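Residue numbering restarts at 1 for every chain, and letters A, B, ... go by the order of the sequence lines. Keep in mind the model is a prediction, meaning the values are calculated, not measured.
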Amino acid sequence: MELKCALTVASQFENIELVQLVLDDVLARKGVEEEGRHWVSVAIREALANAIKHGTGQDSDKSVQVEMALENSHVLISVRDQGEGFDPSTLEDPLAPENLLKPTGRGVFYMRQLMDAVEFRPRSDKPGMEVLLKKNLGSPASGGSTQVSKEGVLDENH
Amino acid sequence: MKITERKVGEVTVLDLSGKITIGLGDVAVRDAVQTALAAGARKILLNMEEVSTIDSAGVGELVAAFTRVTNRGGQMRLVTLPPKVNDILQITQLITVFEIFDTEEEGLAAFASES
């Protein structure tokens with residue numbers, strides 16, 4: 001394991017910024033270039049926003065735990081909340097014509113598009129939900145890249 | 001998030017700068033568009049050149065603003081999208097919903113051609 005870090009923050013939107021800055025700095029110090037860090041950051045922000053908004057109802061007395069592990073070029077991020085969880089299979093397709101102009105319902109879709117794997121599961125240690133985000137950033141020196149095609153489908157270049 | 005409003009002819013231009021993200025910039029965009037509509041603006045141009053980050057909440061606010069302006073008989077256009085903001089809209093295919101122009105001049109010209 002090259003690196004592992006953990007943060008626990010109060011369930012407030014303001015803390016998304018804090019977590020993102022810390023994790024981005026950690027990845028930068030490990031040589032992950034800006035392009036790769038940017039898209040991982042976007043996915044982390046979405047996971048945190050979900051945990052704070054839906055997982056804890058923005059109750060600042062509750063907390064959200066974030067862990068990040070970097071091994072070779074693979075980054076694994078865990079975001080855990082204290083909520084009741086949800087069934088991700090019930091989420092609507094934000095690309096469906098009837099959903100295109102809805103103001104919500106894109107967060108999980110972005111996570112799935114930007115990361116290699118996204119998994120939701122109940123926490124093993126206490127009540128709550130955990131989301132796992134995984135991505136191969138390619139060589140840390142290159143930072144990996146995420147390209148968006150004209151159709152909005154992501155191509156991974158590792 | 002900082003938003004500056006200016007008028008170019010009949011067009012209300014909102015210069016957005018910073019992050020359009022949950023709990024911060026998304027609310028600012030909502031308020032700015034709402035204020036412009038309340039003041040009678042019906043041609044609204046969002047200059048995105050200085051937007052550094054946008055998340056799903058920010059995207060949702062752009063969609064809501066677009067719907068709000070359109071429902072009032074107005075038009076909202078986006079100009080000078082940074083590449084990563086463009087990518088985010090591309091992923092959810094909103095690039096096909098919004099009218100997007102590379103430059104402010106092109107966006108203003110599109111309004112002018114409809115007058």
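Counted within 6.0 Å of CD on A:E84, heavy atoms from surrounding residues, nucleotides or ligands total 12 or fewer; the atom is thus considered open.
Distance OG1/A:T104 to CD/B:E61: 11.0 Å, rounded to 0.5 Å. In this structure, the separation between OG1 on B:T92 and NZ on A:K102 is 14.5 Å, given to the nearest 0.5 Å. The line from NZ of A:K53 to CD1 of B:I22 is 5.0 Å long, rounded to the nearest 0.5 Å. Interatomic distance, A:H38 NE2 to B:S52 OG, rounded to the nearest 0.5 Å: 9.0 Å.
Considering all non-hydrogen atoms of both residues, A:P103 and B:A64 come closest at CB-CB, 4.3 Å. The two residues B:G60 and A:R106 make their nearest non-hydrogen contact at CA-NH1, 4.1 Å.
Interface remark: B:K84 contributes backbone and side-chain atoms alike to the contact with chain A (heavy atom separation under 4.5 Å). Neither the backbone nor the side chain of A:E14 comes within less than 4.5 Å of any heavy atom in chain B. Heavy-atom distances place no part of A:I52 under 4.5 Å from chain B, backbone and side chain included.
For the pair A:Y110 (side chain) and B:I88 (backbone), a donor-acceptor distance under 3.5 Å is present. With hydrogens and angles disregarded, no donor-acceptor distance shorter than 3.5 Å links the side chain of B:Q93 to the backbone of A:L100.
No path of Ile, Leu, Val, Met, Phe, Trp and Tyr side chains, each step under 4.5 Å between heavy atoms, connects B:M1 with A:L21, placing them in separate hydrophobic clusters. In the hydrophobic clustering of ILVMFWY residues, with side-chain heavy atoms under 4.5 Å counting as a link, B:M76 and B:V27 come out apart. A:L48 and A:L132 fall into different hydrophobic clusters, defined by Ile, Leu, Val, Met, Phe, Trp and Tyr side-chain heavy atoms under 4.5 Å apart, directly or through other members. Note on A:V118: it does not cluster hydrophobically with A:L76, by side-chain heavy-atom contacts below 4.5 Å among ILVMFWY residues.
Interface summary for chain A: among B:L94, B:T67, B:L24, the most heavy-atom pairs under 4.5 angstrom belong to B:L94.
The shortest side-chain heavy-atom distance between B:T21 and A:F13 does not fall under the 4.5 Å cut-off.
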